[in-house]
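Order of listing sets the numbers, starting from 1, for every ligand and every atom in it. The figures here come from the full heavy-atom set of this structure, side chains too, leaving out hydrogens, waters and symmetry mates.
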Amino acid sequence: MADDPSPTLDTLLQEGRSFPPPPDFAARANCRDPEVYARAEADPEAWWASWAEKLQWDRPWDTICKWTPPRARWFLGGRLNASVQCLDRHVEAGHGTRTAFLWEGEPGDTRRLSYEEMLRETCRIANALKELGIGRGDRVTLYMPMVPELAMTVLACARIGAIFSVVFAGFSAASLRDRIQDQEARLLVTADGCWRRGRVLDLKAVADEAVAECPSVEKVLVLRRGQGVETASAGSARDVAWEEIVPRQAPECPPESMEAEDPLFILYTSGTTGKPKGIWHCTGGYMTGVYATSQLVFDLKPEEDVFWCTADIGWITGHSYIVFGPMANGVTQVMYEGAPNHPGPDRFWEIVEKYGVTVFYTAPTAIRAFMKWGDEHPAGHDLSSLRLLGTVGEPINPEAWIWYHQHIGGGRCPIVDTWWQTETGGIMITPLPGLTETVPGSATLPFPGVGAAVVDEAGKEVETGGGYLVLTRPWPHMLRGIWGDPERYEATYWKRFPGRYFPGDGARRDERGRFWILGRVDDVMNVSGHRLSTMEIESALVDHPAVAEAAVIGVHHELKGQAPVGFVILRQGFEPGEELAQELIQHVGRLIGGLARPERILFTPELPKTRSGKIMRRLLRDIAEGRVLGDVTTLADPGVLDQLARMARERESEEA
Ligand code: PRX
């Protein structure tokens, strides 16, 4: 492969044990029938339609799927509203008093909200949005903490047919601005603050800075969460206080009847260029996919389960597996606002014990952090309520898998390692917990009805061995496009292997047909389960007056999976040094957000380039990770390498 992330492969192959579903789990699982795979495979469209039928449609569809590669449209002619699936349906079925959310704020404040209450509050917010002039097709940007109002605002937008776009609250003003501008949002919903490790971050100040350059934004709706924090610019004419407009609204709001293919939301994710892509998802297919996968992968039983997905709603995981999938299934969930180690490293386990969490979904990076913090933290809590565990976001190393299995799952809980992306909308490769034998490090098999394969450079299928992961047929919850850039959609996902979707990941198939995801094969890195573009960080570095040229790579990191390292060529008159390195790191944080801050900056007089002038990132990664250098004959100036390798070694011994 062109850019083989091989360190992952080495670690993945070391654990050979396999774990069949525990018999007592399998006996009660939502999916117990191994024939499900063959049935879905025989007629994928009928399979997906059987799930769509379980939703509440205002008008049935005429056509299940229209596939004109690379565009798919599902459930054409059908009409429905996404918020109805998540709220009204359960209330009408007599489950209104069931708890929807057990919410825990970081400082320890708590709230319990039933489905009925969620519906009423969502309607109030929807009516407030209407009063602010928002209607069908308008874009609304959400920049909010993890509070129930975030889920409600998402649902309120869906209710009136407005297209929402959640921007993770850790993103910078510039990132927020770019996203608002790209979607030309008319309204921004934010809060006066956001708790993080005992401190209140002034979200409103960031929002103000962003909105100053966003002429499309007519109003900013501000929720109070900061508890008295002084905001830099409270009281602009554009601001509307939540408490002044929402509580006085009627608690009913008729849902807009949306076409199945109408956009539901836009969510930005990093690609291989400097500009994040606005991935947009539609209403009918997306709801079908997240409903089905939630029910089968997490085995959700609304009467019994307490589900906790630890993601933030600012990421796709929170959209699909906090808001839409689990709520469409009517299950009770935990939502937590803050950091996993605040006030102590056992905060998550305290929450699991307190609320009796039964199904728990988190990222490998978090698991590695828990391992490092010590076994005593989970051991100090009663975790016996847990019955199923899941992971997402990056390849899980077998050591972390085994630790998760033993120390969190008590050796009795199946683990579902779920592979998917912002673009796929929902889980694509995963065990079914009552059916699939799992092996640490493998996401195992495509979800029923999903077509996946591993292919070589030429696009030929590899039965056993490594190559590129592709998806071979359309699925209902697939992205419908990149907002405002239809050509980029085709070029990014469908050009590399015509007729097949290329997610950008490398994968291997073993002799049992299982998939092992090896990580990105493009210039995208995965830092703590978050996708970052090397180009985006490079642009941020070059934005600094001291920087002439920069190359960014993702290097292996014990906790984060990968971490960005920047190689920087300085402009004349600037001297390399620790102070400048720190300044550059902070600069990236300011421009993109804290999550993109490079781990290290290495100053260099040159960058290794091919004769055609392309930066050889693989070599930079070898240097930064201290590996033996491979083939360098395409290098324009091999002398550059010695110099770079020496600098990296010096740097390391300084740190040691
Ligand atoms: O590289 C894959 C990795 O995360 C990428 C998608 O990132 P994002 O769109 O931010 O969505 C993350 C949450 C769904 C993929 O291209 N990835 C995700 N899940 C796994 C994974 N890599 C290996 N194993 C997984 N289970």
Using a strict cut-off of less than 4.0 Å between a Lys/Arg side-chain nitrogen and an Asp/Glu carboxylate oxygen, indicate whether [X] and [Y] qualify as a salt bridge.
X: Glu463; Y: Arg508; result: no
X: Arg473; Y: Glu41; result: yes
X: Lys277; Y: Glu423; result: yes
X: Arg347; Y: Glu104; result: yes
X: Lys495; Y: Glu487; result: no

**side chain to side chain donor-acceptor pair (under 3.5 Å) involving Tyr489 - partner list, sequence neighbours excluded** = Trp494

**Fill in**
Counting only non-hydrogen atoms and a 4.0 Å cut-off, the residues near ligand 1 are Ile316, Thr317, Val392, Gly393, Glu394, Pro395, Asp417, Thr418, Trp419, Trp420, Gln421, Thr422, Asp505, Ile517, Arg520, Asn526, Arg531

